[in-house]
Protein chains: 2
Amino acid sequence: MITNMEKIKTLLEEKGIKPTFQRLKILEYLSNNLNNHPTVEMVYEKLLNDIPTLSLTTVYNTLNNFLEKRLVFGVTITGTEVRYDFNTDYHHHFLCKKCGQIIDIDLKCAYAEGEKGIISGHRIDEIHGYFKGICKDCSKNVGKKSRGRSSS
Amino acid sequence: MITNMEKIKTLLEEKGIKPTFQRLKILEYLSNNLNNHPTVEMVYEKLLNDIPTLSLTTVYNTLNNFLEKRLVFGVTITGTEVRYDFNTDYHHHFLCKKCGQIIDIDLKCAYAEGEKGIISGHRIDEIHGYFKGICKDCSKNVGKKSRGRSSS
DNA sequence: TCCATATTTGTAATCATTTCAAGCTTGTAA
DNA sequence: TTACAAGCTTGAAATGATTACAAATATGGA
Ligand SMILES: [Mn+2]
Ligand SMILES: [Mn+2]
Ligand SMILES: [Zn+2]
Ligand SMILES: [Zn+2]
């Protein structure tokens, strides 16, 4: 049988990226955290356990490399940090302005189905659809302590 | 007849914002630069001519105030800076990865027409639709000097 | 006028990201 | 096997955007 790590390695090789230990671990981490949309810092902190010598610069370099090769998707919804998404199938996102979590939103959208091509003469490479508001949980727990970061 | 400045003043008062000189000038600048989607720095630099004592902090404070009151719309497409849009009617944006300019895109979208309300149980306050790619001009002028900033 | 309050300002701090140069690996050719 | 070049990784310093903070200034009544 094929291990998950072998699949990760294949993904890198398909994009012409040499599968170094650091790159494998970073991509593996993203693949195991599809719902977190982690920041650079989150990737770095978690992987320090596995790779005590890991450099934050390497995480930045690697993630930028992955972005360029379209191996991951960059979510810039907060405006202050990039969050990384292993799921490159087009989908919308929702940012809760109270607890800060980013949630996947699946909905039909005319431009969602790989329809890239040309719009108004401009060549389209990436499509981003975002919503901001208050999430289901935070709407319920009004006045109660939120379980994540606050952005207010 | 009603001057443009009087309209700007009314907009501020309607949102309960005291129309100080700085605030009037900042909102006026945004209203005259609908197609630029200016950065904080651009607003600051231009207004220094009119208000030599202007502080960058005031521009930040004022624009954050305008954002909270929904007087302007924040475009976070680049991931590294907020760009401000006087046009709060819902519309999509396009970022050229070559020259860096942000262009308005008008197109029909199921979620574009003030349909905020609830999605998947989450309360929606803001809707953002972005595209990234290479703009019409930059596609033409391959190899030629671009007329704006480069992001590559 | 005097005072309370809101606003503006300048500086310093913070936070994310990039730059850069030095050290480390790895593959390959002598 | 040794030697070297190319690619990778690392840590420190630099950059850029934004926020925190406290002092200075303006405003609008009592
Ligand atoms: Mn996602
Ligand atoms: Mn716009
Ligand atoms: Zn929430
Ligand atoms: Zn362009």
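Remember, predicted model here, so these are calculated numbers, not experimental data. Throughout, protein chains are lettered first and strands after them, A, B, ... in sequence-line order, and every chain is numbered starting at 1.
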Verify whether the ring centers belonging to B:His128 and A:His128 lie closer than 6.0 Å. no
Every protein N/O lying under 3.5 Å from an N/O of nucleotides 8-14 of chain C:
from	atom 1	to	atom 2	distance (Å)
C:dT8	OP1	B:Thr20	OG1	2.5
C:dT8	OP1	B:Gln22	OE1	3.2
C:dT8	O3'	B:Gln22	NE2	3.1
C:dT9	OP1	B:Gln22	NE2	3.3
C:dT9	OP1	B:Thr53	O	3.1
C:dT9	OP1	B:Thr53	OG1	3.1
C:dT9	OP2	B:Ser55	N	3.3
C:dT9	OP2	B:Thr58	OG1	2.9
C:dT9	O5'	B:Thr53	O	3.3
C:dG10	N7	B:Thr57	OG1	3.3
C:dG10	O6	B:Thr57	OG1	3.2
C:dT11	O4	B:Thr57	OG1	3.2

Send over the distance from B:Glu41 CD to D:dG16 C1', rounded to a whole Å. 9 Å
Side-chain donor-acceptor pair under 3.5 Å between A:His37 and A:Asp104, yes or no? yes
Are A:Phe131 and B:His122, when compared by the centres of their aromatic rings, separated by less than 6.0 Å? no
Tell me whether the OP1 or OP2 atom of C:dT18 has a side-chain N or O from A:Asn64 closer than 4.0 Å. yes
Let me know the distance between CD of B:Glu81 and C1' of D:dT18, rounded to the nearest Å. 12 Å
What is the separation between atom CE on B:Met42 and atom P on D:dG16, rounded to the nearest whole Å? 16 Å
C:dT18 phosphate, OP1 or OP2: any side-chain N/O from A:Tyr60 under 4.0 angstrom? no
Name the residue from B:Asp89, B:Leu30, B:Asp85 that meets the side chain to side chain contact (heavy atoms under 4.5 Å, CB included) definition with B:Phe73. B:Asp85
Does the ring center of A:Tyr130 lie less than 6.0 Å from the ring center of B:Tyr130? yes
Once salt bridge (Lys or Arg N to Asp or Glu O under 4.0 Å) is applied, what residue pairs with a partner in residues 2-22 of chain B remain, sequence neighbours excluded? none
